[in-house]
There are 2 protein chains.
Amino acid sequence: MTTARRDTYTPETLLSVAVQVFNERGYDGTSMEHLSKAAGISKSSIYHHVTGKEELLRRAVSRALDGLFGILDEPGANRGRAIERVEHVTRRTVAVLMDELPYVTLLLRVRGNTRTERWALERRREFDHRVADLLKAAAADGDLRTDVDIRLATRLLFGMVNSLVEWYRPLPGGAGDREQVVDTVVRLAFDGLRTGH
Amino acid sequence: MTTARRDTYTPETLLSVAVQVFNERGYDGTSMEHLSKAAGISKSSIYHHVTGKEELLRRAVSRALDGLFGILDEPGANRGRAIERVEHVTRRTVAVLMDELPYVTLLLRVRGNTRTERWALERRREFDHRVADLLKAAAADGDLRTDVDIRLATRLLFGMVNSLVEWYRPLPGGAGDREQVVDTVVRLAFDGLRTGH
DNA sequence: GTCTATATTACGATAGAC
DNA sequence: GTCTATCGTAATATAGAC
């Protein structure tokens, strides 16, 4: 089906190169010249595949958002006790962050200067609200501590989760450190750092 | 001492305007034209106060770094049990993030395209290492849970702390929500989200 | 599908008057 | 200390050959 090695670009393969450069230099700090050097083709050749720089951004953040919203449709996010749904969404968000690392990284750094960026920010907020609602339900069940504000806790929890993109790098061999990271996030989030649980 | 109202700019007052714009549009997404509009003076007038855009960035991240490294010199960070020093540094880092919000926000978003940015990244790494060493000491004291990797836990803890800059906004009246945020961060970090502690 | 060449605009920074 | 005018460069994007 897929050819073993491809010498020419498609919008897809070009995207993976572009996203990597965007994450290294920042989207605004990346020129079409930078992209052409990284891809090994001329600037004008890039315009053969995509209409411009912003289309690359749109494709990238779309992929990230699809991954995140997909989590909310999974069975584990829609049945069972609310606290278990929260744990499921937390685990799966960490997993999606690692699996789609460059795309989610770009999404989380979007500022809002263009129409595409503002659309991405809006969809992100939507995801955050869906998650916040889950935590509210868990609080109503009495499964979350009552001495913290739930909205605040949601932000801190997903702040911790999202910080993954700042330091996580997949192991060269593709070895299984993914499970370790997922477990650690869940343990810290739900039971904390201190001993004695 | 300080004049009640000042009609002209100093490097200091110009900085606070610039940092705000940098945080809204991103450093690379901000042109001198943007800055001049926001400050209400012409582009060339800005060059009377600072040598260029990068000096504004350097002043801003310096201020943030001074605040953070200042924490490590405080008595609470250098005496007592390691776990208590960790808690002190955590509390104070949250406080500094809130007090110097725009400056720390800018610091945490630096990518590394210029010499100034790379210097900022290096100093940030230095701070992170100092904190990681504190957690290592707390682990050696047996005060941290043993089923998580300490380096990983450090990153997640400060990922949670640093995520503050993405959503925290000071209350208009200057009301005291600061203590609530500090307490919540410490509770979640050390004892977790779940009930039953 | 890729290239060279170029149009056009925006950017950072400077010159020099007031 | 602020301004208008402008320089030189680098940006996005297009034209048109191969």
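Chain letters run A, B, ... following the sequence lines, proteins first and then strands; every chain starts at 1.
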How would you label the contact of S36(B) with the nucleic acid (heavy atoms, under 4.0 Å): base, sugar-phosphate, or nothing? nothing

What is the distance, to the nearest angstrom, from the CD atom on E33(A) to the C1' atom on dA5(C)? 14 Å

H49(B) NE2 - dG12(C) C1' separation (whole Å): 17 Å

Determine whether more than 12 heavy atoms belonging to other residues, nucleotides or ligands lie under 6.0 Å from atom CD of Q20(B). no

Excluding sequence neighbours, so at least two apart, what forms ring-ring contact (aromatic ring centres under 6.0 Å, His included) with Y168(A)? none

Within this structure, what is the CE-to-C1' distance between M32(A) and dA10(C), rounded to whole angstrom? 16 Å

Side chain to side chain contact (heavy atoms under 4.5 Å, CB included) with V148(B): which of T184(A), V185(A), D183(A)? T184(A)

For the pair made of CD in E55(B) and P in dA13(C), what is the distance, rounded to whole Å? 11 Å

Would you please say whether a donor-acceptor pair under 3.5 Å links the side chains of S45(A) and H48(A)? no

For DNA chain C, whose closest nucleotide is more 5', that of K43(A) or that of H48(A)? H48(A)

How is S42(A) classified with respect to the nucleic acid when contacts are heavy atoms under 4.0 Å: base, sugar-phosphate, or nothing? base

With a 4.0 Å cut-off on heavy atoms, is S44(B) in touch with a base, just the backbone sugar-phosphate, or nothing at all? base

Just to verify, which of E55(B), R58(B), E54(B) counts as forming a side chain to side chain donor-acceptor pair (under 3.5 Å) with T116(B)? E54(B)

Would R118(A) and E122(A) pass as an ion pair if we require N to O under 4.0 Å? no

Please give, in whole Å, the distance from dA10(C) P to D28(B) CG? 18 Å

Grab the CG-P distance between L35(B) and dA13(C) for me, whole Å please. 11 Å

By the 4.0 Å heavy-atom rule, please label T51(A) as base, sugar-phosphate, or nothing. nothing

Enclosure of R169(B) CZ (heavy-atom neighbours >12, cutoff 6.0 Å): yes

DNA chain D: first to last nucleotide in contact with chain B (atom under 4.0 angstrom from a heavy atom), 5' to 3', is dG1(D) to dT4(D)

